[in-house]
Amino acid sequence: MTLTLPSVCPLDCPDTCSLSVTVEDGRVAQVRGSAANPFTAGVICNKVARYYPDFVHGPRRLTHPLRRTGPRGSGAYEPISWEGALDLIHEGFSRAIATAGPQSVLPLNYAGPHGELAGGSMDRRFFYRMGATMLDRGPLCGGVRGTAYTSLFGSAPGMPPEQAELADLVLVWGNNVTVSNLHLMRVLKRVRAAGGRVVVIDPRRIKLAEQCDLHLQLHPGSDVVLALALAAELERRGALDHGFIGKWVLGADRYLEAARTHDVDAVVRHCGLTPVEFHMLADWIAGARTMATSLGNGIERGRSGGAGLRAAMALNALTGQHGRPGAGVIAKPGLAFPRTTARLQGDHLKQPGTRVFNIVDVAAHLLDDRLDPPIRALMIYNHNPVATHPDQSNMIRALNRPDLFIVGADVTMTDSMAYCDVILPAASHFEFDDIYGAYGQTWLQRAEPVIAPVGESLPNTEIFRRLAARFGYDEPEFRDNDAALMDQAIDGTDPRLGGHAPSQMPTDRALDMARPSDAPLVMCDTVMPATPSGRIELYSQDLEDRFGCGLPRHDPVAPDLPFTLITPSSSKRTNATFGGHSDSLDPETVEMHPQDAARLGLSDGDPVVLRNGRGAVALRLKITDATRPGVLYSPKGTWLESSSTGQTVNALIPSDIRTDIERGACYNETFVEVDRA
């Protein structure tokens, strides 16, 4: 029997596409886009269309609970029953708690699925009730960008991407649209068709850069220099909107004082741009009637990442590019969703005084013999830390600790699952109910299962209900079913839901959260900055108090090897998801400028090894002038099997260099040398 059913893609991507799934004899046979979400409008990326059936039904799919029978990392496991698995977990966690207290248990999860239930609901309740060590997940990815945004605007949502169609100038800054934000392309094409301009600011000549009006190929990590110099230049030209600044902006005087120390010479020196390029962009900003700025996560991956993001966002405020549709910053539109996260995750169960670890520090904490209390038990779920964390070798050493009890839960057998003592089979999102917000658009969606759970797999919510029951947690919070959880995830009284309870929302159409009233969502008009001052804050007292970064500043890292390695998103993987597909298991490419290849005597297609003091990775060379001399590009998310050295590019990435705010991971501060393999 063949059915076509609606669904939603929950992967870690800003677009959160609506899907149309063809099911044949109870198996996912084909995945296409649907029109249920007007923003994604029937278009999906190739990786989702090509790889989901294998992800759900392929040879790596986990279908039964497993117990490790061989050395960690060997892949030697035997099936056990769910009762047996829960007993082993109870025994391992209880042993840790008896030895060193509940904070000796750590959940290690990030953002595998972005459904409200699968991403964080019953699991948080379970670990909060236990009193386990808590985790600050944002510093791994997205947290720096989020804090940069809220430092200016608070929790007020940014501009929905569709509104950029009304702009006559769009800056696409650190956002590889065709790979990581596909549906913005439609908006940008309409801008240009209407006579508007699109500017790409990116160290690499991404696909969009070949179709834009200006590409500024700046040096990685120098964004803050460009943005501050633009602010100073626009002030010199009299192009700032002092009326808007007086009404809506706080800290402009202090900000501009800092900006005036940057000029076109600094841009040439630090960014590697020409004066002509700099002045052309300044001309266009000064002359724009309506300017939108789209910011991706690329900027945050360097030490000055928070500063670069804040300075780029500040340009709209200084030029009065808010307060009307099409003028604004396309960032954090997902704040428009009426989420009730504290209720969903059971924040009332948090135990006062419980410590919180930065997720980037997890490997170091696991290896720290002085840590009090030490971590004795770990649960990895919604995450593949071996493939995604900096300093991969250190993470593997940490997971190999013989006195550490490790539980895993995943849809497929990943590199990280291979280090677990007990593995629980998690259901894919095609197998359970969930409700979906987004972080890059404003359409709320719900999906029902399109197939039955594969094998003995279970949704995350049921896995943690069973764990709670096995640990004797009998509070009502642990008996809520998935419909109740959906109703606790979203404020059902919000008029934008049209009277639907969240658990009863239609699955054949999405609901728009971008209209807080009858008017569209517009910063400084229908939605106000949610900062302490009620204005856009260019000087942040909070960031000054916490990080000494009240104002953006450039803090470059001095390279110790000849090449800077950038590891952007892949067209074949979403972070590490789909990394186990055969299409991702050959050596990944690394892009190098022709000048560098000629100097090293390398040819296109050569096998090469990138190395530094942390590791060595085997890759395949691609020679292209899409990258700058001295800068290499290799997509992230590969699995260990793809490299003959048994390491991926994450082995080269430092974990001790951190961003200026939030102590985030600095993936782009990676320096390497290159040898022929």
Is it true that [X] and [Y] have ring centroids separated by less than 6.0 Å?
{"X": "His429", "Y": "Tyr52", "result": "yes"}
{"X": "His114", "Y": "Tyr439", "result": "yes"}
{"X": "His90", "Y": "Phe471", "result": "yes"}
{"X": "Phe478", "Y": "Phe126", "result": "no"}

Testing Asp421, Thr133, Val105, Leu399 for side-chain contact (heavy atoms from CB on, under 4.5 Å) with Leu378, which one passes?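 Only one of Asp421, Thr133, Val105, Leu399 forms a side-chain contact (heavy atoms from CB on, under 4.5 Å) with Leu378, namely Leu399.
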Taking 4.0 angstrom as the limit, do [X] and [Y] come out as a salt bridge?
{"X": "Arg68", "Y": "Glu78", "result": "no"}
{"X": "Arg60", "Y": "Asp410", "result": "no"}
{"X": "Glu475", "Y": "Arg129", "result": "yes"}

Cationic tip of Arg301 within the cone over Tyr667's six-membered ring, i.e. under 6.0 Å and within 45° of the normal?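 Ring-cation test returns yes.
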Could Arg137 and Tyr110 be counted as a cation-pi pair, given that NZ or CZ must be under 6.0 Å from the ring centre and within 45° of the axis?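 Here Arg137 fails the 6.0 Å and 45° test against Tyr110.
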Would you mind reporting whether His389 and Asn650 have side-chain heavy atoms less than 4.5 Å apart?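 They are not in contact (no side-chain heavy atoms under 4.5 Å apart), so the answer is no.
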Side chains of Gln345 and Tyr128, heavy atoms from C-beta outward: is any pair under 4.5 Å?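 Yes; the side chains approach each other to less than 4.5 Å.
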Assign the ring pair Phe55 / Phe578 to parallel, tilted or perpendicular, where the plane angle (0 to 90°) is split at 30° and 60°.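 Phe55 and Phe578: perpendicular rings.
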Strictly distance-based, threshold 3.5 Å: is any side-chain N or O of [X] a donor or acceptor partner for the main-chain N or O of [Y]?
{"X": "Lys572", "Y": "Asp583", "answer": "yes"}
{"X": "Glu300", "Y": "Gly142", "answer": "yes"}
{"X": "Ser642", "Y": "Thr638", "answer": "no"}
{"X": "Arg355", "Y": "Pro373", "answer": "yes"}
{"X": "Tyr149", "Y": "Ser155", "answer": "no"}
{"X": "Thr150", "Y": "Thr147", "answer": "yes"}
{"X": "Ser94", "Y": "Glu91", "answer": "no"}
{"X": "Ser655", "Y": "Asp391", "answer": "no"}
{"X": "Arg573", "Y": "His581", "answer": "no"}

Trace of the side-chain hydrogen bond (donor to acceptor under 3.5 Å, both in side chains) decision for Asn384 with Ser416: CA-CA 5 Å; Asn384 186 354; Ser416 299; 2.6 Å; yes
Between the side chains of Asp480 and Gln488, does any donor sit under 3.5 Å from an acceptor?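 Yes.
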Would you kindly say whether Gln392 and Thr648 are connected by a side-chain donor-acceptor distance under 3.5 Å?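 Yes, side-chain donor-acceptor contact under 3.5 Å.
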If you take all heavy atoms of Asp487 and Arg343, which pair is closest and at what distance?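 Shortest heavy-atom separation between Asp487 and Arg343 comes out as O-NH2, 3.0 Å.
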Side-chain donor-acceptor pairs under 3.5 Å in residues 452-460, sequence neighbours left out?
{"unit_1": "Glu456", "atom_1": "OE2", "unit_2": "His64", "atom_2": "ND1", "d": "2.6"}
{"unit_1": "Ser457", "atom_1": "OG", "unit_2": "Arg61", "atom_2": "NH2", "d": "3.3"}
{"unit_1": "Ser457", "atom_1": "OG", "unit_2": "Glu431", "atom_2": "OE1", "d": "3.3"}
{"unit_1": "Ser457", "atom_1": "OG", "unit_2": "Val454", "atom_2": "N", "d": "3.3"}
{"unit_1": "Ser457", "atom_1": "OG", "unit_2": "Val454", "atom_2": "O", "d": "2.8"}
{"unit_1": "Asn460", "atom_1": "ND2", "unit_2": "Ala118", "atom_2": "O", "d": "3.1"}
{"unit_1": "Asn460", "atom_1": "ND2", "unit_2": "Asn382", "atom_2": "OD1", "d": "3.0"}

When rounded to the nearest 0.5 angstrom, what distance separates CG in Leu632 from CG in Leu610?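 It is 5.5 Å, given to the nearest 0.5 Å.
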